[in-house]
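For reference, the structure is listed below as structure tokens.
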Number of protein chains: 2
Amino acid sequence: MKELQDRILQEGKNLGNGILKVDGFVNHQVDPMLMDACGQEFAKRFASLGATKVLTAEISGIAPAVSTALHMGLPVVYARKHKPITMPDQVLLTLAPSHTKGRTVELIVSPEFLGGGEKVLIIDDFLASGQTILGLVRLTEAAGSKVVGIGALIEKTFEGGRDALRPLGVPIESLARICAMEDDRITFCD
Amino acid sequence: MKELQDRILQEGKNLGNGILKVDGFVNHQVDPMLMDACGQEFAKRFASLGATKVLTAEISGIAPAVSTALHMGLPVVYARKHKPITMPDQVLLTLAPSHTKGRTVELIVSPEFLGGGEKVLIIDDFLASGQTILGLVRLTEAAGSKVVGIGALIEKTFEGGRDALRPLGVPIESLARICAMEDDRITFCD
């Protein structure tokens with residue numbers, strides 16, 4: 001998606017170790033008009049899947065997932081990383097290693113809001129190693145539901161996430177595919 | 001706002017100790033259509049303030065703040081509770097006691113995205129004791145900017161937040177004002 005790629009070229013910064021800083025428009029400051037356009041694009045690409053729910057992980061997945069869900073007319077659930085007191089004692093929980101955090105994080109969903117028989121569209125800000133998204137897939141399957149599609153704003157193809165997700169056999173869409181980051185140069189695949 | 005009040009009456013649960021469970025449509029599962037309507041309502045109520053930026057706190061402030069910012073055509077910044085590695089070493093940080101978490105949390109904003117001279121509209125999911133919002137006010141003032149308005153989806157008037165914020169002399173708007181929660185009965189002020 002040209003609008004997102006242009007913004008990454010203008011404002012994204014390669015911090016080294018595969019870390020791309022996009023916190024001016026994605027994950028600290030958010031450009032809601034850009035998020036809306038991304039949500040619209042995801043809604044178009046995933047229109048035919050019959051999804052019944054959008055699933056993401058807090059924190060930075062929330063903005064793109066809510067925008068996508070709005071354009072699809074679906075509810076969205078964000079997996080929590082800490083169990084809030086409003087959640088029942090019995091939850092769905094999985095562990096996912098986080099490269100950017102350098103540790104394993106918990107992903108927790110209440111069975112009240114992710115039950116059986118749902119067709120789940122997973123949306124997140126990044127597709128890197130795919131570990132967070134695989135965690136969301138495990139939660140979906142543990143709930144007795146099925147993942148029907150996966151979307152990420154930004155994919156770093158050199159971290160192998162797409163290969164890890166391919167066995168699921170569902171459409172994987174990313175709006176900006178980065179093939180290489182070297183010093184100040186960010187190279188898109190297309 | 002009738003739509004939000006109706007939803008609270010249908011799905012909200014009083015968990016005791018002043019805790020209102022609304023995680024079916026606000027802060028775990030999100031109804032993006034309801035959030036969009038709330039954002040539109042805030043945009044209307046705050047249209048005349050000349051706001052230049054929307055500020056909120058992660059996690060559950062993000063959805064209503066992004067919706068509001070979209071309808072106002074403004075960027076939105078969410079204060080982080082843990083400093084991510086993409087943030088510079090020098091940050092704006094304040095502490096805010098959290099009633100629902102039973103502890104003090106950090107609120108962190110990068111000076112890259114909250115500088116001087118901004119007219120800041122604060123949006124959050126709840127106005128209860130007002131402590132989180134007062135934290136966001138301190139961050140705004142430390143950045144050399146000015147708070148011009150405060151909006152919350154749900155106000156619990158019996159926790160005194162409005163009194164704590166009144167000295168700021170800015171408009172305070174909430175879309176559902178709860179005056180009492182007793183057993184299974186939630187009573188709105190109007």
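In what follows, every chain begins at residue 1, and chains take the letters A, B, ... in the order their sequences are listed.
Among the candidates P84(B), G24(B), A65(B), A79(B), the residue making the largest number of heavy-atom pairs closer than 4.5 Å to chain A is G24(B). Ranked by heavy-atom pairs under 4.5 Å with chain B, the list V77(A), V66(A), V76(A), L114(A) is led by V76(A).
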Tabulate, with distances rounded to 0.1 Å, every donor-acceptor pair spanning chain B and chain A at under 3.5 Å.
from, atom 1, to, atom 2, distance (Å)
K21(A), NZ, T86(B), O, 3.1
K21(A), NZ, E112(B), OE1, 3.0
K21(A), NZ, E112(B), OE2, 3.0
N27(A), O, Y78(B), OH, 3.2
N27(A), O, R80(B), NH1, 2.8
H28(A), O, Y78(B), N, 2.9
H28(A), ND1, Y78(B), O, 2.9
H28(A), NE2, S110(B), N, 3.0
Q29(A), OE1, K53(B), NZ, 2.6
V30(A), N, V76(B), O, 2.7
V30(A), O, V76(B), N, 3.1
K53(A), NZ, Q29(B), OE1, 2.6
V76(A), N, V30(B), O, 3.1
V76(A), O, V30(B), N, 2.7
Y78(A), N, H28(B), O, 2.9
Y78(A), O, H28(B), ND1, 2.9
Y78(A), OH, N27(B), O, 3.3
R80(A), NH1, N27(B), O, 2.8
T86(A), O, K21(B), NZ, 3.1
S110(A), N, H28(B), NE2, 3.0
E112(A), OE1, K21(B), NZ, 3.0
E112(A), OE2, K21(B), NZ, 2.9

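For L15(B), the part lying under 4.5 angstrom from a heavy atom of chain A is the side chain only. With a 4.5 angstrom heavy-atom cutoff, I59(A) touches chain B via backbone and side-chain atoms both. Contact of I85(B) with chain A is made through backbone and side chain together, with heavy-atom distances under 4.5 Å.
Partners of L20(B) by side-chain contact (heavy atoms from CB on, under 4.5 Å), not counting sequence neighbours, listed by chain and number: I8(B), V22(B), F126(B), I154(B), I178(B), M181(B), I186(B). Residues satisfying the side-chain contact (heavy atoms from CB on, under 4.5 Å) criterion with P171(B), sequence neighbours excluded, are F46(B), L49(B).
Looking at every heavy atom in both residues, A51(B) comes nearest to L121(B) through CB-CB, 4.0 Å. A63(A) approaches V30(A) most closely through the heavy-atom pair CB-CG1, 4.2 Å. What you find for L4(B) and C38(B) is that their closest heavy atoms are CD2-SG, 4.4 Å.
Clustering of Ile, Leu, Val, Met, Phe, Trp and Tyr side chains at separations under 4.5 Å places L70(A) together with M33(B).
Rounding to the nearest 0.5 Å gives a distance of 11.5 Å between CG of L92(A) and CG of L136(A).
In this structure, the side chains of V109(B) and L107(B) stay at 4.5 Å or more apart for every pair of heavy atoms.
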